[in-house]
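Notes for the one structure printed next.
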Protein chains: 2
Amino acid sequence: MHNLDTTFAALSDGTRRAILAQLTHGEARLSDLAAPFDMSQTAVSKHVRVLRDAGLLVVEKRGRTRHCRLNAAVMKEASDWLDNYQTFWTRQFDNLAQVLVGQEE
Amino acid sequence: MHNLDTTFAALSDGTRRAILAQLTHGEARLSDLAAPFDMSQTAVSKHVRVLRDAGLLVVEKRGRTRHCRLNAAVMKEASDWLDNYQTFWTRQFDNLAQVLVGQEE
DNA sequence: GAATTACTGAACCATCTGGTTTACTTTATA
DNA sequence: TATAAAGTAAACCAGATGGTTCAGTAATTC
């Protein structure tokens, strides 16, 4: 799966976003990724699987450890989708500004 | 709720993204929003509620109809979060380019 | 070769999700 | 005033999600 559904769903969990944030500092073993969280390593392993299925990270087996690294390319599709709405949220700020000006009169 | 969890979760459904896309053409009644979909109006109503709870649209009661309009401002937070990774997906393309160049030699 | 480490798989559980149908409220129209 | 239209609420269902524990596998170290 590599569609927007799975990308956004994968990003909708704070633990998973924290994992991705951690990976911006470089690749990490699964046990390293699990350390900061107050949950079992199995749970983190499942989160990593969700991220991997979404294509957001890549897992490489190396000896008995699994090394994860970020694959941010998939995020671009999500970002591109959101970009279509950029004019709308900036326009909304414009409207807000007009409302605020109107209140001053 | 107005956090990234709920924003991304709301965006992780194709029906809901289609509803938001429809609203870029202007406000719409709930029955108009429901028309294109092969599901009950109740189901669409629930989707609209999810989007409203996420702050992605605003519902205004007007007579016996509900008029929905886009509130794209919430998307900006999601977009900002993704922007933090922009360097990583562009860098990844750079790496890919290097790999491709390497293969040519 | 035995013990330890790093992880996965399987079973289980509670809760959430996305859909349904039926019943209801509210507003507009004939 | 009766009827139709627009929408929500409630109950229900199947399947997904996010967590657990326990057992197993594979690689490393003692």
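Here is how names work: the chains are called A, B, and so on, in the same order as the sequence lines, proteins then strands, and each is numbered from 1. Hydrogens, waters and symmetry mates play no part in the numbers below; they use all other heavy atoms, side chains included.
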- Message: Is there a side-chain contact between A/Y85 and B/L70 in this structure, where contact means two heavy atoms from C-beta onward sitting under 4.5 Å apart?
- Response: yes
Once base and sugar-phosphate atoms are separated, protein heavy atoms under 4.0 Å mark nucleotides 20-25 of chain D, 5' to 3', with B, S and - as BBB---
Heavy-atom nearest nucleotide on DNA chain D taken for A/V50 and for A/G63; more 5' hit belongs to A/V50
Checklist entry - Taking a hydrophobic cluster as the set of Ile, Leu, Val, Met, Phe, Trp and Tyr residues connected by side-chain heavy atoms closer than 4.5 Å, whether directly or through intermediates, do A/V50 and A/L11 fall within one such cluster? => result no
Residues passing the side chain to side chain contact (heavy atoms under 4.5 Å, CB included) test with B/R69, sequence neighbours excluded, are B/E27, B/V58, B/E60
Separation of D/dG19 atom P from A/F37 atom CZ, nearest Å, is 10 Å
In whole angstroms, the gap separating P of D/dG7 from NE2 of B/H67 amounts to 8 Å
When rounded to whole Å, the CZ to C1' distance for the pair B/R64 and D/dA5 reads 4 Å
Expected list for residues 9-36 of chain A near DNA chain C, using heavy atoms below 4.0 Å, is A/R29, A/L30, A/S31
Sorted by chain and number, sequence neighbours left out, salt bridge (Lys or Arg N to Asp or Glu O under 4.0 Å) with B/R66 holds for none
Counting C-beta onward and ignoring hydrogens, is there a side-chain heavy-atom pair between B/M75 and B/L56 closer than 4.5 Å? yes
Those residues at least two apart in sequence (or on a different chain) that pass side-chain hydrogen bond (donor to acceptor under 3.5 Å, both in side chains) with B/D5 are A/R17
Kindly list each side-chain donor-acceptor pair under 3.5 angstrom involving residues 29-42 of chain B, sequence neighbours excluded, with atom names and distances?
unit_1, atom_1, unit_2, atom_2, d
B/R29, NE, B/D32, OD2, 3.2
B/R29, NH2, B/D32, OD1, 3.2
B/S40, OG, B/A43, N, 3.1

Residue set satisfying side-chain hydrogen bond (donor to acceptor under 3.5 Å, both in side chains) with A/S12, at least two apart, ordered chain then number -> none
From CZ of B/R52 across to C1' of D/dT8 the rounded distance in Å is 11 Å
Sequence neighbours excluded, the answer for salt bridge (Lys or Arg N to Asp or Glu O under 4.0 Å) partners of B/R49 is none
Its 5'-most and 3'-most nucleotides having an atom under 4.0 Å from a non-hydrogen atom of chain B, DNA chain C is contacted over C/dG18 to C/dA28
Applying salt bridge (Lys or Arg N to Asp or Glu O under 4.0 Å) to B/D80 and not counting sequence neighbours gives B/K76
The salt bridge (Lys or Arg N to Asp or Glu O under 4.0 Å) partners of A/R16 (sequence neighbours excluded) come to none
note: A/K61, atom NZ; D/dT28, atom C1'; distance rounded to Å ~ 13 Å
